[in-house]
Q: 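Here it is, the structure in full.
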Amino acid sequence: VQLQASGGGLVQPGGSLRLSCAASGFTVDHYAIGWFRQAPGKERERISCISSSDGSTYYADSLKGRFTMSRDVAKNTVYLQMNSLKPADTAVYYCATDPPGDCVLIATLKANSYDYWGQGTQVTVSS
C-alpha cells in the first residue's frame, strides 16, 4: 500500500489549490481515506475523510464548506479541492488510509489510527 500526495504550493489568501493523493496497492474504494494537516507546533488533525462504501465525505467543522474531497476510482486517486484559502490553512497536508473503520467512527479522527501515509505536501498561504 502506497500513497503519493501532491499539489501543494504557495498561494495568496483567497486562492485555491487542488491536492491529489494517488494510491497503489489497493483501490480507493476499498478503504476509507483521510486528509490530515499539520501546522508547525500543532497536532496533526483530520480535515476530511471519504468513505470506502459510498464515497460519502466528512469534514472538520472549521473548514466551513471551503474544502471538497472527492475520488476518481478509475484513476485510483483522491482529491482535496481547497478554496478561499487563508493563512491559517498553511500546513503540511497528508493523505492516509487503512483506518480502524469508516469515516463516521470517532476513532478515525485520530492520526495514529491510520496505518499508511503519504509523504505530505506543503501548502503555504501568504501574500
Q: Write down the atom of Thr108, the atom of Pro99, and the distance for their closest heavy-atom approach.
A: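 Smallest interatomic distance, heavy atoms only, reads CG2-CB, 3.8 Å.
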
Q: Measuring from atom NZ of Lys86 to atom OG of Ser62, what distance do you get when rounded to the nearest 0.5 angstrom?
A: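 With rounding to 0.5 Å, NZ (Lys86) is 8.5 Å from OG (Ser62).
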
Q: Side-chain heavy atoms nearer than 4.5 Å, only ILVMFWY residues, links allowed to pass through others: does that put Leu109 and Leu80 together?
A: no

Q: With rounding to the nearest 0.5 angstrom, report the OG1 to CD1 distance, Thr97 to Ile33.
A: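 Here the interatomic distance stands at 4.5 Å.
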
Q: Are Gln81 and Leu17 side-chain neighbours, meaning at least one heavy-atom pair lies under 4.5 Å?
A: no

Q: Do Leu85 and Leu10 share a hydrophobic cluster, counting only Ile, Leu, Val, Met, Phe, Trp and Tyr and linking them when any side-chain heavy atoms are less than 4.5 Å apart?
A: no

Q: Could you pull out all residues at least two apart from Ser70 that satisfy side chain to side chain donor-acceptor pair (under 3.5 Å)?
A: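 In terms of side chain to side chain donor-acceptor pair (under 3.5 Å), with neighbours along the sequence ignored, Ser70 is linked to no residue.
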
Q: What's the spacing between Lys110 NZ and Leu105 CG if we round to 0.5 Å?
A: 12.5 Å

Q: So which atom in Pro100 and which in Ser113 form the shortest heavy-atom distance, rounded to 0.1 Å?
A: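 Shortest heavy-atom separation between Pro100 and Ser113 comes out as CD-O, 3.3 Å.
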
Q: Apply side chain to side chain contact (heavy atoms under 4.5 Å, CB included) to Leu63 and list each qualifying residue two or more places apart in sequence or on a separate chain.
A: Arg37, Ile47, Tyr59, Ala60, Arg66, Phe67

Q: Is it possible for you to say whether Val104 and Tyr31 belong to one hydrophobic cluster, with membership spreading through side-chain heavy-atom contacts below 4.5 Å?
A: no

Q: How many angstroms lie between atom OG of Ser48 and atom CG of Leu19, to the nearest 0.5 angstrom?
A: 9.0 Å

Q: Only counting residues at least two apart or in another chain, list the ones meeting side chain to side chain contact (heavy atoms under 4.5 Å, CB included) with Ser6.
A: Ser20

Q: Sequence neighbours left out, what passes side chain to side chain donor-acceptor pair (under 3.5 Å) with Ser126? Give chain and number order.
A: none

Q: List for me each residue that meets side chain to side chain contact (heavy atoms under 4.5 Å, CB included) alongside Asp61, sequence neighbours excluded, and say none if there are none.
A: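 With sequence neighbours excluded, Asp61 shows a side chain to side chain contact (heavy atoms under 4.5 Å, CB included) to no residue whatsoever.
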
Q: Taking all non-hydrogen atoms of both residues into account, name the closest pair between Arg71 and Val78 and its distance.
A: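 Result for this residue pair: CB-CG1, 3.7 Å.
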
Q: Taking side chain as C-beta onward, heavy atoms only, is Phe36 less than 4.5 Å from Glu45?
A: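 No; the side chains remain at least 4.5 Å from each other.
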
Q: Could you see if Tyr94 belongs to whatever hydrophobic cluster contains Trp35? Use Ile, Leu, Val, Met, Phe, Trp, Tyr and a side-chain cutoff under 4.5 Å.
A: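 No, no single cluster joins them.
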
Q: Any pair with a residue in residues 118-127 that passes salt bridge (charged side-chain N to carboxylate O under 4.0 Å, His left out), sequence neighbours left out, goes on the list, sorted by first then second residue, please.
A: none

Q: Check residues 22-29 and write down every donor-acceptor pair under 3.5 Å in which the side-chain atom is one partner and the other belongs to a residue at least two apart or another chain.
A:
from  : atom 1 : to    : atom 2 : distance (Å)
Thr27 : OG1    : Asp29 : OD1    : 2.9

Q: Salt bridge (charged side-chain N to carboxylate O under 4.0 Å, His left out) with Asp102: which residues, sequence neighbours excluded?
A: none

Q: For the atom pair CE (Met82) and OG (Ser16), what is the distance rounded to the nearest 0.5 Å?
A: 8.5 Å

Q: Sequence neighbours left out, cut at 3.5 Å: what donor-acceptor pairs do the side chains of residues 115-123 make with other protein atoms?
A:
from   : atom 1 : to     : atom 2 : distance (Å)
Trp117 : NE1    : Tyr114 : O      : 3.3
Gln119 : OE1    : Ala5   : N      : 3.1
Gln119 : NE2    : Ala5   : O      : 2.6
Thr121 : OG1    : Gly8   : N      : 3.0
Gln122 : NE2    : Ala91  : O      : 3.4
Gln122 : NE2    : Thr124 : OG1    : 3.3

Q: Do the non-hydrogen side-chain atoms of Arg46 and Tyr58 ever get within less than 4.5 Å of each other?
A: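 In contact.
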
Q: Would you list the pairs meeting disulfide (SG to SG under 2.5 Å) in which at least one residue belongs to residues 10-74, sequence neighbours left out?
A: Cys21-Cys95, Cys49-Cys103

Q: Using the test side chain to side chain donor-acceptor pair (under 3.5 Å), find all partners of Gln4 that sit at least two apart in sequence or belong to another chain.
A: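 With sequence neighbours excluded, Gln4 shows a side chain to side chain donor-acceptor pair (under 3.5 Å) to no residue whatsoever.
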
Q: Hydrophobic side-chain clustering at under 4.5 Å (ILVMFWY, transitive links): who's grouped with Tyr79? Put none if nobody.
A: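 The other cluster members (ILVMFWY side chains, heavy atoms under 4.5 Å, direct or chained): none.
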
